[in-house]
Amino acid sequence: MSEFANEGGIWAARFTGAVAGAGVSLIYLLPQTHREAASRFLTGLACGMIFGGPVGVWIVKRLDIADGLSGQDVMLTGSAAASLCAWWGLGVMVRIAERYAARP
């Protein structure tokens with residue numbers, strides 16, 4: 001039962017990281033419409049929630065910094081990174097698609 005003692009903290013870190021990643025990415029690539037902003041934000045949130053754990057573990061192992069981090073730190077970092085990458089990637093793809101769709 002002790003496995004689930006801090007489950008709320010992990011979920012809070014996962015959600016916070018996903019929202020932070022999507023929010024930070026607004027600075028780098030501003031959406032052109034409200035619909036684009038909403039779809040990219042929700043995509044970033046979903047990717048951060050789903051892939052936050054594996055991405056966090058990958059980052060921690062890649063940088064070899066696991067000794068000083070808690071589970072919440074790893075989850076927060078991973079969720080933010082996954083959200084940021086998904087949101088940014090979707091924004092770039094939307095811009096490219098719009099550019100080529102406008103050509104005759």
Side-chain angles (χ1 to χ4, degrees):
M1 191 65 166
S2 63
E3 300 170 9
F4 301 106
N6 203 8
E7 187 75 20
I10 292 291
W11 278 102
R14 183 179 296 214
F15 181 76
T16 303
V19 170
V24 166
S25 60
L26 281 170
I27 296 168
Y28 294 108
L29 188 62
L30 294 173
Q32 293 177 345
T33 65
H34 292 295
R35 183 176 179 174
E36 180 186 351
S39 69
R40 287 169 42 194
F41 182 81
L42 291 175
T43 300
L45 183 63
C47 286
M49 294 293 288
I50 294 167
F51 300 112
V55 171
V57 170
W58 180 81
I59 290 170
V60 166
K61 286 187 177 186
R62 188 83 169 158
L63 298 176
D64 196 24
I65 56 172
D67 296 335
L69 299 176
S70 68
Q72 287 91 350
D73 294 333
V74 173
M75 187 62 74
L76 181 70
T77 302
S79 293
S83 178
L84 178 67
C85 290
W87 206 91
W88 222 90
L90 183 61
V92 169
M93 287 189 301
V94 165
R95 299 280 167 88
I96 290 171
E98 287 176 351
R99 182 177 299 149
Y100 287 111
R103 291 185 179 180

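Heavy-atom basis, side chains included; hydrogens, waters and symmetry copies ignored. FYI, the numbering just counts along the sequence from 1. It should be emphasised that the depicted structure is a prediction, and the values quoted were computed from it without experimental measurement.
- Between Gly44 and Ala86 the shortest heavy-atom distance is CA-CB, 4.5 Å.
- The CZ atom of Arg40 sits 10.5 Å away from the CE atom of Met93 when rounded to the nearest 0.5 Å.
- Evaluation of the side chain to side chain contact (heavy atoms under 4.5 Å, CB included) rule for Ala80 yields no partner, not counting sequence neighbours.
- Residues passing the side chain to side chain contact (heavy atoms under 4.5 Å, CB included) test with Ser70, sequence neighbours excluded: Gln72, Asp73.
- Hydrophobic cluster of Leu63: the remaining members, joined at side-chain heavy-atom separations below 4.5 Å, are Ile50, Phe51, Val55, Val57, Trp58, Ile59, Val60, Ile65, Leu69, Val74, listed by chain and number.
- Within the structure, side-chain hydrogen bond (donor to acceptor under 3.5 Å, both in side chains) contacts touching residues 75-86 (residues at least two apart or in different chains) do not occur.
- A donor-acceptor contact shorter than 3.5 Å is absent between the side chain of Arg14 and the backbone of Met75.
- Nearest heavy atoms, Phe15 versus Met49: CA-SD, 3.5 Å.
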